[in-house]
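The structure appears right after this line, and notes come after that.
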Amino acid sequence: MSKPATTETRMEKIVSLCKRRGFIYQSSEIYGGIGGFWDYGPLGAELKRNLRDTWWRAMTREREDVVGLDATIIMHPAIWRASGHVDTFADMMRECTISNKRVRADHVEPQSGSVIRFTGAKVPTPGNWHLDRTIAVLMKQGEHIESFRKRVRLLIAQNAGAAAGKPEEIELLGEEKIDTIDGSVDFHPETGGMLNEARPFNLMLRTYVGPTATENDIAYLRPETAQAIFAQFKNVCDSSRVKVPFGIGQIGKAFRNEVTPKNFTFRSREFEQMELEFFIKPDEAVRLIHGSVAAWHEGADLSEPKPDWGWEMWHRYWVAQRTAYYASIGLGLDVLEYHWQTKADLAHYARACVDILYKFPFGTDELEGIAARGSFDLTQHQTHSGKQLEYFDEELKAACDAMNQEQKTAFIEETHAARTNLETSREEITSTCEKLFKGLYIPHVIEPSAGLDRLALAILADAFDEEEVTDDKGKTETRTVLHFHPRIAPIKVGVFPLLKNKPELVSKAREIVALLRPHMSVFYDETAAIGRRYRRQDEVGTPFGVTIDFETLGEEKPEFKDTVTLRERDSMEQRRIPIAELLPFLLSKIL
RNA sequence: GCGGGCGUAACUCAGUUGGUAGAGUGCAACCUUGCCAAGGUUGAUGUCGAGGGUUCGAAUCCCUUCGCCCGCUCCA
């Protein structure tokens with residue numbers, strides 16, 4: 001579509017910049033591209049690596065209570081049956097033959113009414129649009145024939161798009177009642193259109209393990225990284241001397257056969273997740289050890305974990321931790337939103353889930369979900385694998401050993417009275433309590449799960465800016481700049497000799513590059529005028545520029561010998577700094 | 001998957017009734033240049049998304065296909 005540059009949207013400008021400067025390319029572009037897959041170019045690779053590193057550092061290295069894991073993408077298919085992904089990601093779906101609206105084959109409610117067949121439809125006016133296939137629609141019991149016809153016209157119009165024009169202009173052809181049905185599941189519950197044959201609809205990408213590639217060899221590319229953590233929970237416990245509460249963090253690729261990849265890299269078929277599964281004591285265990293469970297209230301102190309925290313405090317704690325993380329890379333509360341899922345939104349096993357959303361140019365959408373998942377996942381894997389995944393808590397055991405039988409009986413009664421799920425039987429509760437008395441439980445889990453590619457996109461969108469800059473001569477122009485936080489900027493510093501045809505300047509600049517290179521990504525540029533070189537770096541978000549001029553060499557003003565001009569990207573201000581102070585200064589900004 | 005829009009240089013886009021493709025920006029080289037996209041000279045880059053068809057001749061017309069955007073749909 002031809003349109004003036006001024007109407008190019010912010011998102012289009014970002015996509016264009018990403019391509020032009022080497023942040024993000026379409027995958028397989030020279031072969032026409034492949035939908036839902038994106039490659040990171042030289043600068044994008046640096047940006048993404050920096051983001052990955054900040055997460056890993058904040059979530060594992062800087063904490064005593066989190067360890068890392070790097071698991072395979074392809075795992076035993078049974079994992080995905082235990083997790084529920086095979087069932088919910090592989091439904092048999094049927095589509096309405098008029099509207100293409102999709103429903104799960106096993107979720108169609110039986111309906112009754114008259115089946116009306118039309119041999120086609122047409123619009124007599126200019127476009128000469130026509131539908132020349134037979135369609136069958138259910139006229140529901142009690143539906144008036146005229147409102148039914150109106151509904152069918154609307155249905156056809158919606159599906160045909162602009163070509164068919166207004167619904168009221170559509171002329172239905174060859175109307176005929178062909179059947180009366182009772183309790184049929186062959187018509188779409190909303191549209192009444194006849195459904196096609198059920199087809200498998202699988203959101204997990206498949207492959208085959210082994211050379212024979214038979215039905216028995218099917219494996220899946222993981223649709224999330226979390227399950228590997230649960231599957232290796234026992235190994236980590238047995239080999240790492242970790243004690244609940246503790247977490248296992250992982251960064252890795254995941255794959256989903258999205259129906260509609262969209263919004264640039266936001267919804268991709270291959271993407272990278274950064275997930276933490278943080279295992280905590282069940283509230284009952286906390287209560288046994290400490291006599292009570294700290295309840296969350298507005299303004300509660302979440303700065304340091306406390307031994308008497310229950311799941312809700314831990315959940316809030318991780319929301320606060322993750323918020324602090326986003327602030328540390330430049331995403332403050334002004335660009336984030338929080339969506340607390342309601343009881344109705346929640347998956348049946350989840351106790352709470354908050355989405356952290358970023359205000360993307362195309363809409364506010366999810367960066368991360370922080371879910372309190374109870375003991376669902378480990379319990380599923382214990383059941384399906386037959387392996388004991390309970391954790392032995394010495395502290396709990398010691399606390400229970402100090403209780404007498406009366407106290408234990410009272411505890412069981414309290415627990416039964418406080419149960420949230422009324423389907424849980426007294427026997428189950430008693431059995432769980434007896435386990436607790438022995439120090440055994442399946443840990444509960446808090447799961448902060450973030451999308452690395454979405455974060456990279458948010459960072460790009462947030463950093464992108466077009467500033468109106470007025471120079472000394474009063475000339476106004478647009479400066480395109482990416483305001484990356486120095487910590488995550490792909491290039492930390494640009495080094496420029498003021499003039500490239502003066503060998504002393506060039507060799508001094510090369511010395512400074514050699515000085516900085518071991519510590520950070522440095523970009524050396526000697527071409528074109530100095531102003532242009534600054535602007536080039538602005539456009540890729542380099543926070544600092546260092547210029548070597550004749551003062552650096554000690555000419556004219558000896559007091560400036562071995563100082564350089566340091567130019568700051570956001571303010572465009574310059575100051576002189578001794579070369580000896582350059583490295584410590586830059587390191588203080590990027591670490 | 002359905003409907004609509006679009007696909008020409010690295011980017012943003014022109015391209016007349018079908019006659020062998022252009023601009024601006026960017027990039028490279030040189031000259032000039034003392035600090036915010038300076039000036040000058042020169043230069044490189046296109047299977048016109050891909051495949052097929054019509055035609056003496058296709059960026060242009062037709063068919064198929066792929067990709068991107070929007071809406072629907074889907075969405076742990």
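Hydrogens, waters and symmetry mates are skipped; everything else that's a heavy atom, side chains included, is used. Chain letters run A, B, ... following the sequence lines, proteins first, then strands; residues in each count from 1.
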Taking 4.0 Å as the cut-off, does a side-chain nitrogen or oxygen of [X] come that near to OP1 or OP2 on [N]?
X      : N     : value
A/R532 : B/A38 : yes
A/N263 : B/C68 : no
A/R533 : B/C35 : no

If you take atom types as modelled and just measure distance, does the side chain of [X] reach the base of [N] with a donor-acceptor pair under 3.5 Å?
X      : N     : answer
A/T547 : B/C35 : no
A/E539 : B/G26 : no
A/R567 : B/C35 : no
A/R479 : B/C36 : no

Next item on the list: Just compare B/A76, B/C70, B/A38 and give me whichever is closest to any side-chain atom of A/K262.
Entry: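 Among B/A76, B/C70, B/A38, the one nearest the side chain of A/K262 is B/C70.
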Applying a 3.5 Å limit to both distances, which nucleotide forms a Watson-Crick or G-U wobble pair with [N]?
N     : answer
B/A37 : none
B/A28 : B/U42
B/C72 : B/G1
B/C56 : B/G19

What nucleic acid atoms does [X] come within less than 4.0 Å of, heavy atoms only: base, sugar-phosphate, or nothing?
X      : result
A/E29  : nothing
A/S449 : nothing
A/F496 : nothing
A/Q341 : nothing
A/G36  : sugar-phosphate
A/R21  : nothing

Notebook entry, point to check: A/V493 and side-chain contact (heavy atoms from CB on, under 4.5 Å): which partner among A/V513, A/I512, A/V546?
Noted result: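 With A/V493 as partner, side-chain contact (heavy atoms from CB on, under 4.5 Å) holds for just one option, A/V546.
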Notebook entry, point to check: Does the ring center of A/F271 lie less than 6.0 Å from the ring center of A/F255?
Noted result: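 Ring-ring flag for A/F271/A/F255: false, centres at least 6.0 Å apart.
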Margin query: Can you pull out the residues from residues 499-506 of chain A that lie within a 4.0 Å heavy-atom distance of RNA chain B?
Written below: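 Of all residues in residues 499-506 of chain A, the ones placing a heavy atom under 4.0 Å from RNA chain B are A/L499, A/K500, A/N501.
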Check: Between A/F585 and A/F544, how do the two ring planes meet: parallel, tilted or perpendicular, split at 30° and 60°?
Finding: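 Rings of A/F585 and A/F544: perpendicular, over 60°.
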Check: CD of A/E573: more than 12 outside heavy atoms within 6.0 angstrom?
Finding: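 Check fails, neighbour count at 12 or below.
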Notebook entry, point to check: Looking just at side-chain N and O atoms, do A/Q380 and A/T383 make a donor-acceptor pair shorter than 3.5 Å?
Noted result: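 Side chains of A/Q380 and A/T383: no pair found under 3.5 Å.
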Notebook entry, point to check: Does a side-chain heavy-atom distance below 4.5 Å link A/F266 with A/D453?
Noted result: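 No; the side chains remain at least 4.5 Å from each other.
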Note to self: What I'd like to find out is whether the side chain of A/Y534 reaches to under 4.5 Å of the side chain of A/I530, using heavy atoms alone.
What the structure shows: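 Yes, at least one pair of side-chain atoms sits under 4.5 Å.
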